[in-house]
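Any value given below was found using the heavy atoms of this structure, including those in side chains, with hydrogens, waters and symmetry copies removed.
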Protein chains: 2
Amino acid sequence: MQFDDKVPIYLQIKRVIYQEMVTGQLKAGEQLPAVRQLALNLTVNVNTVQRALSEMITEGVLTSKRGKGNFVTEDQQRIGALKTQLVRAQLSSFYQALRALNLSDEEIITSVQHYVQRRGSQDDGHVND
Amino acid sequence: MQFDDKVPIYLQIKRVIYQEMVTGQLKAGEQLPAVRQLALNLTVNVNTVQRALSEMITEGVLTSKRGKGNFVTEDQQRIGALKTQLVRAQLSSFYQALRALNLSDEEIITSVQHYVQRRGSQDDGHVND
DNA sequence: TATATTGTAATAGATAAATAGTACACTAGG
DNA sequence: CCTAGTGTACTATTTATCTATTACAATATA
């Protein structure tokens with residue numbers, strides 16, 4: 001996997017796993033691949049994977065069972081809250097950045113609409129739910 | 001100034017100066033504060049400021065005159081292009097992040113609308129152009 | 001011609017992050 | 001009981017970033 005070398009890799013790994021939980025690629029209670037396997041998949045060191053996972057364990061979205069594996073929380077509501085939290089964080093930083101470039105609220109909204117339209121008419125196989 | 005310790009400071013400095021150019025706090029052709037002064041303002045080392053500025057000089061948005069100072073490009077169009085570029089980068093990463101969280105195009109648009117509305121009704125002294 | 005102010009370069013040290021490698025602890029299954 | 005597979009811990013090394021410090025080069029001005 002390719003990472004942005006201006007952002008710590010362990011943070012980018014967290015983001016990937018968050019996304020898999022939110023999209024349901026990883027379901028509540030499901031076991032994650034072994035840390036050594038994750039390290040291979042991500043072409044990254046085991047310690048780096050471990051750092052990402054241990055933070056997520058502290059946050060309560062993962063649980064660890066020594067000798068067995070790492071598991072997504074059973075708490076489906078926790079995952080829902082995670083999605084809300086991640087979406088809100090994106091909205092906040094996006095809004096703040098565009099305001100800092102002097103865009104009005106209206107301009108921000110229409111810029112998103114136009115961007116989405118442009119992407120929609122641009123035959124790159126993405127689907128719209 | 002406070003920085004996010006997960007992102008290189010020199011990149012965050014570039015972002016701040018970009019914003020000042022785009023918003024007109026720094027006008028085309030205008031002289032920047034001396035690097036040593038900028039370092040004081042930002043509570044950062046001169047070398048770190050220098051790294052940010054030297055990259056922006058390479059990009060052509062700043063020019064340097066040894067013994068005189070650093071200056072914003074005279075090319076107003078260049079600044080306009082900079083704004084376009086920065087806005088587009090924000091849109092792209094924002095869109096990609098929310099798609100990765102399984103939001104549809106419609107949901108992305110309405111989430112922005114609701115976020116802006118919520119902020120608008122929330123008396124925190126921001127103005128709407 | 002000096003002196004102050006500007007940008008620029010170079011060195012050395014500190015810290016965070018990532019890597020490689022080794023070892024240990026717990027669990028399941030033959 | 002032994003072995004394979006799991007998470008976890010620790011050390012050592014490398015790289016990028018930031019800092020502190022010193023020095024030098026170019027410009028303006030008294």
Practice problem: Let me have DNA chain C in dot-bracket notation, would you? Count Watson-Crick plus G-U wobble pairs, both distances under 3.5 Å, and use [ ] for pairs crossing earlier ones and | for inter-strand partners. | Solution: ||||||||||||||||||||||||||||||
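- Among the nucleotides dA17(C), dT6(C), dA25(D), the one closest to the side chain of Ala34(B) is dT6(C).
- Taking 4.0 angstrom as the limit, Asn47(A) places none of its side-chain polar atoms (N or O) nearer than this to OP1 or OP2 of dT19(C).
- Among dT8(C), dT19(C), dT6(D), the nucleotide with an atom closest to any side-chain atom of Thr48(A) is dT19(C).
- Counting atom types as modelled, Asp5(A) pairs no side-chain N or O with a base atom of dA17(C) as donor and acceptor under 3.5 Å.
- Side chain of Thr43(A) to main chain of Leu40(A): no donor-acceptor pair is present (N/O by atom type, distance under 3.5 Å, no hydrogens or angles).
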Donor-acceptor contacts under 3.5 Å from residues 4-21 of chain A side chains, at least two apart:
from, atom 1, to, atom 2, distance (Å)
Asp4(A), OD1, Lys6(A), N, 2.8
Lys6(A), NZ, Tyr10(B), OH, 3.0
Tyr10(A), OH, Arg51(A), NH2, 3.3
Tyr10(A), OH, Lys6(B), NZ, 3.0
Gln12(A), OE1, Asp4(A), N, 2.9
Gln12(A), NE2, Asp4(A), O, 2.7
Gln12(A), NE2, Val7(A), O, 2.7
Lys14(A), NZ, Glu55(A), OE1, 2.8
Lys14(A), NZ, Glu59(A), OE2, 2.7
Tyr18(A), OH, Glu59(A), OE1, 2.3
Tyr18(A), OH, Glu59(A), OE2, 3.3

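- Met56(A) has its CE atom 16 Å from the C1' atom of dG7(D), to the nearest Å.
- Residue-to-nucleotide proximity on DNA chain D shows that, of Val7(B) and Gln31(A), the 5′-proximal contact is made by Gln31(A).
- Residue Ser54(A) has no polar side-chain atom (N or O) positioned under 4.0 Å from OP1 or OP2 of dT8(D).
- The aromatic rings of Phe94(B) and Phe94(A) sit parallel to each other, their planes meeting at less than 30°, with 60° as the upper class boundary.
- Closest of all the heavy-atom pairs between Val72(A) and Ala28(A) is CG1-CA, 3.9 Å.
- Here the straight-line distance linking atom CG of Asn70(A) with atom CG of Leu53(A) works out to 5.5 Å at 0.5 Å rounding.
- Considering CG of Asp75(B) and CG of Leu82(B), their distance stands at 11.0 Å, rounded to 0.5 Å.
- No donor-acceptor pair under 3.5 Å is formed between the side chain of Gln37(B) and the backbone N or O of Ala34(B).
- In this structure, CG of Leu62(A) is placed 11 Å from P of dG7(D), rounded to the nearest angstrom.
- Dashed line: the shortest gap from a side-chain N or O of Arg36(B) to OP1 or OP2 of dT5(C) is not under 4.0 Å.
- Along DNA chain D, the nucleotide nearest Leu53(A) and the nucleotide nearest Lys6(A) are compared for position; the residue whose nucleotide lies closer to the 5' end is Leu53(A).
- Distance CD (Gln50(A)) to C1' (dT11(D)): 16 Å, rounded to an integer number of Å.
- The CD atom of Glu55(B) sits 14 Å away from the P atom of dA16(D) (whole-angstrom rounding).
- Between the CG atom of Asn45(A) and the P atom of dT22(C) there is a distance of 13 Å, rounded to whole Å.
- The phosphate of dT8(C) has OP1 or OP2 within less than 4.0 Å of a side-chain N or O from Ser64(B).
- Contact annotation: Lys68(A) side-chain N/O to dG5(D) OP1/OP2 distance is not under 4.0 Å.
- The NZ atom of Lys65(B) sits 13 Å away from the C1' atom of dT6(C) (whole-angstrom rounding).
- Just one of Leu26(B), Val61(B), Thr73(B) meets the side-chain contact (heavy atoms from CB on, under 4.5 Å) condition when paired with Ile79(B); it is Thr73(B).
- In this structure, Gln37(B) atom CD and dT6(C) atom C1' are separated by 13 Å, rounded to whole Å.
- Nucleotide dT8(C) holds its P atom 7 Å from the CZ atom of Arg66(B), rounded to whole Å.
- For Tyr10(B), counting side-chain heavy atoms from C-beta on, the closest listed nucleotide (dG7(C), dT17(D), dT19(D)) is dT17(D).
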